[in-house]
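Predicted model only: the values in this text are computed from it and were never measured. By convention here, the first residue in the shown sequence is residue 1.
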Amino acid sequence: MLAYEQGGHVSDVMLREVTKSFGSHVAIDRVDLDVRSGTTMAVLGPSGCGKTTLLRLIAGFERAEAGSIALGGLMVDSPVRWAPPERRRIGIVPQEGALFPHLNVARNVGYGLSRAGRRRGRVEEVLALVGLTDSGSRMPHELSGGQQQRVAVARALAPRPGVVLLDEPFSALDAPLRTGIRADVVQALRTDGATAILVTHDQAEALSVADTVAVMREGTIVQVATPTTLYRRPRDIRVACFVGDAVVLDVAINGGVASTALGPLTVRRNNGTVPPNGTTQVMLRPEQLVLDAEGTPNATVVGRDYYGHDALLRLRLSDGTAACARVGSASDEAMDAQVAVSVLGEAMAFDEAQ
């Protein structure tokens, strides 16, 4: 079996021009996507953008009406070929663990294994990967929600599938638990060498656990990048605002410099080039806005969102523009306080405001 390669790297998942409609609604519109072997990709987008439909197409629960899907070098969906889900070597972790309530943990995990596989100790191996070494004899109702999701991941990994699909598997967990569980699950996937696709609407989740992130919007993939690139060089204003807090300013640019209420800003496009003269929108991240105790006040504090480790200070600039600055948790600016704000680094412009 030949593996497809993209940019010198083996791709376990390859989609080309994949399209899927439901009646007159185009859910997936000519999507191209490559997931490199042994990596985790997050498909990030708001509800209704098509990300779950994309997962179902890869799994074989839906059939594409155009385009092709290849898994591990084998064509599984095209105009002339379609492989059912059971022939695709896919492991699936749903939103809820969906464990068999009448089987203990070990039997849940070993359900898809051959007898030889169970004898070789694969059940114990994957339970160790997800941190449940001594839980094989427990029943699902004896487990917490987080433990049930760990078992679901172990069950998906047990047959050594070509690809593991995770459909918002942490969304039902409490926030403090979610962070630890998803870090452990992703570490288990990497330790086992699995190729994984995680569907999520949670920007922090996508940026913190994935090797690459594919941003979906209205049935299309608008950007695929590493988390760092996606955050620092988003394709457009909409992506910038979706993957993190953003300060968007309407400006006039002349010679790569914009005059703003925050002072003159050096502006670059996301590809590093100088934008042409004219009016446009530019983007700053809140951590680029810093309070200057010695400066001339140019903003008013209108709100504060406290997160413990830091805080987001909501501001109204002297020209009336709304902005926000990420500050330390010890910062204690009062409501309606006049503050001086300066900017670190460059502002980002895009080819066109969106």
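- For T226, the side chain to side chain donor-acceptor pair (under 3.5 Å) criterion is met by T229, not counting sequence neighbours.
- Figure legend: R285 and Y231 shown as a cation-pi pair, the cationic atom lying under 6.0 angstrom from the six-membered ring centre and within 45 degrees of its axis.
- Ring planes of H309 and Y307: parallel class, angle under 30° (limits at 30 and 60°).
- With salt bridges taken as basic N to acidic carboxylate O contacts below 4.0 Å, one links R122 and D192.
- Side chain of D310 to backbone of V327: no donor-acceptor contact under 3.5 angstrom is found.
- For A194, the side-chain contact (heavy atoms from CB on, under 4.5 Å) partners are L157, V164, L189, not counting sequence neighbours.
- Side-chain atoms of R89 come within 3.5 Å of backbone atoms of R160 as a donor-acceptor pair (strictly under, hydrogens ignored).
- The residues D236 and R217 are annotated as salt-bridged, a charged nitrogen and a carboxylate oxygen being separated by less than 4.0 angstrom.
- Under the rule for a salt bridge (Lys or Arg N to Asp or Glu O under 4.0 Å), E65 has no partner lying at least two apart in sequence or in another chain.
- When all heavy atoms of V151 and V105 are compared, the pair lying nearest together is CG2-CG1, 3.9 Å.
- Not counting sequence neighbours, S78 has no partner by the side chain to side chain donor-acceptor pair (under 3.5 Å) test.
- For the pair D29 (side chain) and T220 (backbone), a donor-acceptor distance under 3.5 Å is absent.
- A salt bridge links R190 to D211: one of the charged nitrogens lies within less than 4.0 Å of a carboxylate oxygen.
- Screening residues 323-332 for side-chain hydrogen bond (donor to acceptor under 3.5 Å, both in side chains), with sequence neighbours left out, gives D245-R326, S331-E333.
- The side chain to side chain donor-acceptor pair (under 3.5 Å) test applied to T273 returns N271, not counting sequence neighbours.
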